[in-house]
Every structure is written in structure tokens, then in C-alpha cells.
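Working notes for the structure below.
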Amino acid sequence: MRHRFLAVPAVLLSHDLAVVARLADRVLVMRDGVVLENGGTATLLSAPDHPYTKELLTAVPSAATRGRRLAEVGHIRPAEPVGEPVIEARGLRKRYGKQTVVADVDLTVRRGEIVGLVGESGSGKTSVAQLLFGLVAPTSGTVTFEGAPWSGVPERRRRSRRRRLQLISQDPLSSFDPRWTVRRIVAEALPRGVPVEPLLDRVGLGPDVLDRHPRQLSGGQRQRVAIARALAPRPILIICDEPVSALDVSVQAQVLDLLADIRATDGTALLFISHDLGVVHHLADRVLVMKDGAVVESGPVDEVFHQPSHDYTRALLDAVPTLETPVGRNR
Ligand SMILES: Nc1ncnc2c1ncn2[C@@H]1O[C@H](COP(=O)(O)OP(=O)(O)OP(=O)(O)O)[C@@H](O)[C@H]1O
Ligand SMILES: [Mg+2]
């Protein structure tokens, strides 16, 4: 069974401690239907009484456990079998006029792996996503997808491989045909005859959105339609560009759970782009830190987030709320 943290009064059900820590004033820890412990979020997460809570804090990979506590207990992450490279970028460079927005980026995502890409606004994250996906051509450098050339290949010759690679765009409205209904947007990505409703349900959308057009949806609903559409062809890799930043915290937790589940059950690899380091720490195996178009640091999330070697990474991390500061109040 899944063990969950219950936050009141918003009644958020989550195993994501980072999300709970940010949102909740109080936390109830439940196991097998029984409340074991109940207290203020900061106290409970930093100094739990019940052995089970301690166990959970040790086992749950989460930004809420970052910092002092984590240094004591260590960070246990389920060992994921990581396979052959799915996508590989070598010396990737993109110039617009005089500005170099992507500078010699090397990046590999392996089968079943979740790689985070973080960096401040304008650092080049979306540009990397567009280069990898093949929306724009690199000025120099190469992208290899599933062992075969991807960049520099004409689109008509990439078409048969396209479904294996999906993009959840930072701006989903621009990636939908405005005349299409949600039903058609999702159905078009599914094998013929596979119903749309269960997939929408999986991303937390009801049948009421089926006949609406993208403009008739909220930002969060649009984001979830984009996720459903990306999942539909069962891709080997999903490039997720800020897939949860438009979502409220409870839906965000739900979508992050969903993405983690998809990796666990289908072995789908994710390139997860976010400015939220807590979310990346929670979800990713490895992380790349971008600044001014270049990757300044990369490695396993625990190494990069606990012992950042670059000042820029340290500065990014300092902007993240921890249990030492009053959580959920400093944003
Ligand atoms: N088509 C384009 N033409 C000219 N400049 C561009 C183009 N696309 C992006 N840029 C520039 O490239 C730089 C990187 O932009 P990018 O969208 O990749 O940043 P980002 O890291 O995704 O930022 P954010 O966190 O705000 O989404 C910015 O300075 C941007 O203005
Ligand atoms: Mg962006």
C-alpha cells in the first residue's frame, strides 16, 4: 500500500514531503488507516517522534528532507536500472544573431532515467528542449536519438520515429490547434480505437473537458491535456518543459506522482526542465545546471544539491525554502 502524508486544512494527500512542507501548517502521518503522529509541519518534519515518521523521512526522496537532517540520515533513492542512451547531445550550440543562447551543451538521457535541467530564467533551458526535440536546428553540434542521427535529418525522415519522443511545452496553448477539441487533441495521439477518457482521468481531468477547445481551459487544465497527449503514444522519452509550473500545489503533486509512476511502470525516460529545485530534487536522478547557455555543473541530484561545486548552483539552492526557514511563507 501507499503511505501518505495528510495536510490540513487544504487536505492535501501526498507522499511528497516538499510539497506538504511548503503548503501545510500541520501534518498528520498515517499508516494503515491510523494517524500515528500529528503536529506542526516544521517540528514534525525536523524532529519526528514516531519511528515510522523517521523511517518515511529517510526513505522518501524529497526536498523537504534536504539540509541538516538529510546529512544525518542519508538519502535513499530506489536504485533504478539505467540503460542505454536514448538521446545524446554533443557540442550543442545555438546562436540567434550575435547572442549565443546554447553554448556547447553535452547531455545524455538514458533509458528509464529522469534528468533534471535547472537554471534561472533565460539561461537556455527551453532552447535546449527545442534543439533536442528538433523544433529548431542547432548552429553546430549533434543530437542522436535512439542511436541514430536526429538533428540535421529532414522531418519527413524523422516522422516514423517522432512518436517515440514527446514534448510537453512550456506554453501548451501554442502547441495545440485552437480549432480542435480536447477529445480530438488526445485521440489523435492515441492508437486508433483507444478511448480518451481513461488517459484524461490519469491526469486528473474529467469528461467535462472533452468537447472544449484549448482556449476554454484553465492554464492548469491545458497543461494536463498536454501531459495526456504526450503520454498517449507511450514514448521512450518525454521532454517536460516546466510541466507543473502552471499547476496549483495539489495538482502539481499529483502530476509529479504520475510522471514518477510512468517512469517506474513504463520505463519512460524524462528530461525534466524546471526552475523549482525542490521538484527536481524530488523527481530526478541526475541534474544539469545551466547558466548563460552553458552547463556549469552536472551530476547525481544528491551530489549536486548537497555539495554544489559552482557558486551559481549554490545561489540557486539558497533561494529554495528549507526546514530551517519557515516553510511556505517565504515565497
Ligand atoms: N527564437 C529566438 N530568437 C531570439 N532569441 C531567442 C529565441 N528563443 C530564445 N531566445 C533567447 O534565448 C535565451 C534563452 O531563452 P530560453 O527560452 O531558452 O530560456 P529559459 O531558460 O527556458 O527561460 P525560462 O525559465 O524563462 O523559461 C533568452 O535570452 C531568449 O531571449
Ligand atoms: Mg523556458
Side-chain angles (χ1 to χ4, degrees), residues 63 87 89-107 109 114-143 150-152 155 165-176 219-220 222-227 229-230 237-249 252 255-256 259 270-284 286-298 301 304-305 308 310-321 331:
I87 206 161
R90 288 294 167 264
L92 209 54
R93 179 175 273 268
K94 183 67 186 178
R95 256 198 328 261
Y96 290 113
K98 284 188 176 146
Q99 194 192 3
T100 299
V101 300
V102 175
D104 299 323
V105 166
D106 289 337
L107 179 158
V109 183
I114 303 183
V115 176
L117 184 60
V118 302
E120 68 194 356
S121 184
S123 55
K125 305 182 297 296
T126 295
S127 301
V128 167
Q130 291 173 335
L131 290 166
L132 294 177
F133 192 66
L135 282 175
V136 300
T139 306
S140 59
T142 57
V143 179
W150 182 252
S151 57
E155 187 57 30
L165 175 61
Q166 292 292 313
L167 172 70
I168 300 170
S169 165
Q170 187 170 12
D171 173 18
L173 195 56
S174 67
S175 67
F176 294 142
R222 274 201 292 268
Q223 199 66 274
R224 281 181 276 171
V225 172
I227 293 168
R229 186 180 63 173
L237 172 66
I238 308 177
I239 299 169
C240 313
D241 192 358
E242 303 276 6
V244 295
S245 39
L247 306 179
D248 68 67
V249 179
Q252 194 177 82
V255 169
L256 293 176
L259 291 172
L270 305 175
L271 179 68
F272 190 89
I273 298 172
S274 181
H275 61 265
D276 187 331
L277 276 70
V279 164
V280 169
H281 191 188
H282 170 74
L283 197 68
R286 282 194 302 119
V287 61
L288 287 84
V289 182
M290 278 191 83
K291 178 181 178 2
D292 300 334
V295 173
V296 295
E297 182 156 8
S298 68
V301 278
V304 171
F305 287 167
H310 200 284
D311 284 347
Y312 176 71
T313 310
R314 239 168 268 139
L316 279 181
L317 284 166
D318 284 344
V320 177
R331 281 211 154 177

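Sequence positions, counted from 1, serve as the residue numbers for this chain. Not measured: the values here are computed from a predicted model. Order of listing sets the numbers, starting from 1, for every ligand and every atom in it.
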Checklist outcome for this item: Per the under 4.0 Å non-hydrogen criterion, ligand 1 touches Tyr96, Gln99, Val101, Glu120, Ser121, Gly122, Ser123, Gly124, Lys125, Thr126, Ser127, Gln170
Checklist entry - Are the side chain of Lys94 and the backbone N or O of Thr100 linked by a donor-acceptor pair below 3.5 Å? => result no
Checklist entry - Can you tell me how far the OG atom of Ser169 sits from the CD atom of Gln130, to the nearest 0.5 Å? => result 8.0 Å
Checklist entry - Quick one: CZ on Arg95 to OG on Ser127, what's the gap to the nearest 0.5 Å? => result 14.0 Å
Item to check | Heteroatoms of the protein, restricted to N/O/S, which lie under 2.8 Å from the Mg ion (ligand 2) | outcome: Thr126 OG1, Gln170 OE1
Checklist entry - Looking at CG of Leu256 and CG of Leu283, how far apart are the two atoms once the value is rounded to the nearest 0.5 Å? => result 6.0 Å
Item to check | Test item: Lys125 side-chain N/O and Met290 main-chain N/O as donor-acceptor pair under 3.5 Å | outcome: no
Next on the checklist: For Arg314, I'd like to know if atom CZ has over 12 heavy atoms of other residues, nucleotides or ligands within 6.0 Å.
Outcome noted: yes
Checklist entry - Looking at CD1 of Ile168 and CD1 of Ile227, how far apart are the two atoms once the value is rounded to the nearest 0.5 Å? => result 4.5 Å
Item to check | Donor-acceptor contact present, side-chain Gln223 to main-chain Val244, <3.5 Å | outcome: no
Checklist entry - Hey, what do you get for CZ (Arg286) to CG (Leu107), rounding to the nearest 0.5 Å? => result 7.5 Å
